[in-house]
Amino acid sequence: MPQGRAHETPLLRMTNVVKTFPGVVALGGVDLDVYAGEVHCLLGQNGAGKSTLIKVLAGVHRPDEGTITWDGEEVTFSHPQAAMDHGIATMYQELDLVEGLTVAENIFLGHELSRFGFANRRATRERAAELLAQLGHSGISPNTEVGQLSAANQQIVSMARALSRDVRLIIMDEPSAVLDSGEVRQLFGVVRELTARGVAVVYISHRLEEIREIGDRVTVLKDGRTAATGLDATETPTAELIRLMTGRTIEYVFPPRRTPDTTTGPLLSVNGLTRAGEFHDVTFDVYPGEIVGIAGLVGAGRSEILETIFGARKADRGTVSVDGRPIPPGSVVKAVQAGIGLAPEERKSQALILSHTIGHNVSLASLPSFSSAGWIDSAKERESSLRVTQSLDVRPSGIEREMRTLSGGNQQKIVLARWLQRGSRVLLLDEPTRGVDVGARSEIYNLINDLSEEGCAVVVVSSEIPEVLGLAHRVLVVADGAVLHEGPAEELDEHRVLDIILKGDAA
């Protein structure tokens, strides 16, 4: 309990909250107290129950057991509007913005500003501009169609949407996942302004350094239960937090890297690749068994480079070759046929069909190999999908579950399983551990290392510089669409990378 609040009533109290789904106990008894004006951080591995808990709080799910007390009175949030009416706003990790509507329309969707019974478009635009300016992003036009924005700017719009209501508690689910360091600073400034006004914040993040900086107290969930609550965010040792989340102590170590064989020639060659306004003159090779990391801030052009190599974007100039054979620009089909696979940053919207089964998601890129005379051999497809998911230790086991039921780490494994089943030799991994908990990260790291040892050429993009340096044999440092540095990972550290980026000088 925060100091000086021994006799204060929590704004929110959740007691022994239980929520079950068919065959799954998502929440097996969760307790959580949140006080006005505090930042209460929620930690836990993927599958620990964090998402279900916040959906119960947001009125998306109704608990089977337990009580929710709001400002001293027991309440029931039977639908999302009931939670909003009490002043609870939720920013989900997977953005719920509506493409086709403008920024302003998205911000005030569901509580449109009106005058004399008609939508007041001018007031809506002006108020949207004020909220965006408050977030330090006055450059985002309220008139822009939201689907045209970058992932980072869409996150800013989602924040403005939450702040557009008279909030007393705001839930932020991985809000910094697509933000660069400057944008995170602005986010923390907004959080501090909110708490200074007495607004409570429930902050969910896998980045423990963020918890230290912005949090007051911490609650840890494990297997749908409260492992600990009310911990001091700055004083509780990291090792203790990890132990509570996992039930064991985990070392933050990367698997040992085997030196790749560079005598046989590169497997992937990128030469002079350019897209106007995004990146220019990108040149590098990746050898069999080599992991090349791309480090840089959000907006540097990292994701655009991977998508252009994959053919999802068409290059203005330059070439991409696999085993010395050029791939036609802007052709995903030819890239896949050449052996390239992409795990995109936004896996749920760009890589997975959440309403389909695990097995179907795995086999999407390999369907021709299971077909004969226009018919799919379903038994062969299932057998192959089951074999590859078992080899990656996807949990829960089996391939008949809907994709949406898996945790973030296991969803990422399914994206990789798709390209393993296809036999891809070049893997492009964009933020491979985004939204993945501490324990699953180790599994992903080991998997990436195993793939390289089997002869795959791997390119990894990550916003976390230590992750790039820990995984890669060689690193490209990118800023403003240009490669400023290329060299062995062991010759760099985080400070050196940031120095190169901030100075903007090639090294």
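Computed over heavy atoms, backbone and side chain alike; hydrogens, waters and symmetry mates excluded.
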Listed by chain and number, what are the salt bridge (charged side-chain N to carboxylate O under 4.0 Å, His left out) partners of Arg127, not counting sequence neighbours?
Glu130
Any idea how Trp70 and His86 line up, ring-wise: parallel (<30°), tilted (30 to 60°), or perpendicular (>60°)?
perpendicular
Flag side-chain contact, heavy atom, 4.5 Å: Val388 against Glu383:
no
CD/Glu209: more than 12 non-hydrogen atoms of other groups inside 6.0 Å:
yes
As an exercise, state the distance from CG of Leu135 to CD of Gln186, rounded to the nearest 0.5 Å.
8.0 Å
So, Arg161 side chain and Ile156 main chain: donor-acceptor pair closer than 3.5 Å or not?
no
Using the benzene-type ring in the case of Trp, are the ring centres of His61 and Phe21 under 6.0 Å apart?
yes
Donor-acceptor pair, Thr195 side chain versus Arg192 backbone, under 3.5 Å?
yes
I'd like to check the salt bridge (charged side-chain N to carboxylate O under 4.0 Å, His left out) partners of Lys19; sequence neighbours left out, ordered by chain and number.
Asp64
Within a radius of less than 6.0 Å around CG of Asp166, do more than 12 heavy atoms belonging to other residues, nucleotides or ligands occur?
no
Step by step, would you call Arg347 with Glu431 a salt bridge (charged side-chain N to carboxylate O under 4.0 Å, His left out)?
CA-CA 10 Å; Arg347 58 178 172 266; Glu431 302 285 3; over 6 Å; no
Assess whether a salt bridge exists between Arg441 and Glu464, defined as any Lys/Arg side-chain N lying under 4.0 Å from an Asp/Glu carboxylate O.
yes
Measuring only between side-chain heavy atoms, which start at C-beta, is Gln134 closer than 4.5 Å to Glu193?
yes
Within the 4.5 Å heavy-atom criterion, are Ile448 and Leu471 side-chain neighbours or not?
yes
Which pair of heavy atoms, one from Pro255 and one from Asn449, lies closest together, and at what distance?
CG-CB, 3.6 Å
Quick check against the 3.5 Å criterion: does Asn16 have a side-chain atom that pairs as donor or acceptor with the backbone of Gly29?
no
Where Ala489 and Val475 come nearest, the two heavy atoms and their spacing
CB-CG2, 3.8 Å
Give the table of side-chain donor-acceptor pairs shorter than 3.5 Å for residues 291-307, with sequence neighbours excluded, one pair per line with atom names and distance.
residue: Arg302; atom: NH1; partner: Gly296; partner atom: O; Å: 2.9
residue: Arg302; atom: NH1; partner: Ser462; partner atom: O; Å: 3.2
residue: Arg302; atom: NH2; partner: Ser463; partner atom: OG; Å: 3.4
residue: Ser303; atom: OG; partner: Asp430; partner atom: OD1; Å: 3.4
residue: Ser303; atom: OG; partner: Asp430; partner atom: OD2; Å: 2.7
residue: Glu307; atom: OE1; partner: Arg313; partner atom: NE; Å: 2.5
residue: Glu307; atom: OE1; partner: Arg313; partner atom: NH2; Å: 3.1

Under 6.0 Å from the CZ atom of Arg257, do we count more than 12 heavy atoms belonging to anything else shown?
yes
Does the distance from a Lys or Arg side-chain N to an Asp or Glu carboxylate O, for Arg13 and Glu74, drop under 4.0 Å?
no
Heavy-atom check, side chain of Leu169 versus side chain of Val34, under 4.5 Å
yes
Side chain proximity check, Met172 to Ile204, heavy atoms < 4.5 angstrom:
no
Between Gln421 and Ser384, does the side-chain hydrogen bond (donor to acceptor under 3.5 Å, both in side chains) criterion hold? Intermediate values first, please.
CA-CA 7 Å; Gln421 187 183 65; Ser384 176; 2.9 Å; yes
Atom of Leu57, atom of Phe77 and distance for their closest heavy-atom approach
O-CD1, 3.3 Å
Would you sort out whether Tyr92 and Glu174 count as a side-chain hydrogen bond (donor to acceptor under 3.5 Å, both in side chains), showing the intermediate values?
CA-CA 8 Å; Tyr92 293 102; Glu174 298 282 357; over 6 Å; no
Shortest non-hydrogen contact from Gly37 to Asp216?
O-OD2, 4.3 Å
Worked verdict on Glu467 versus Thr433 for side-chain hydrogen bond (donor to acceptor under 3.5 Å, both in side chains):
CA-CA 9 Å; Glu467 184 168 84; Thr433 63; 2.5 Å; yes
Among Ile399, Val394, Ile358, which one satisfies side-chain contact (heavy atoms from CB on, under 4.5 Å) with Leu386?
Ile399
Heavy atoms of Leu244 and Ala228 approach each other most closely as CD1-CB, 3.7 Å
How close do Phe370 and Ser363 get, heavy atom to heavy atom, and via which atoms?
CE1-CB, 3.9 Å
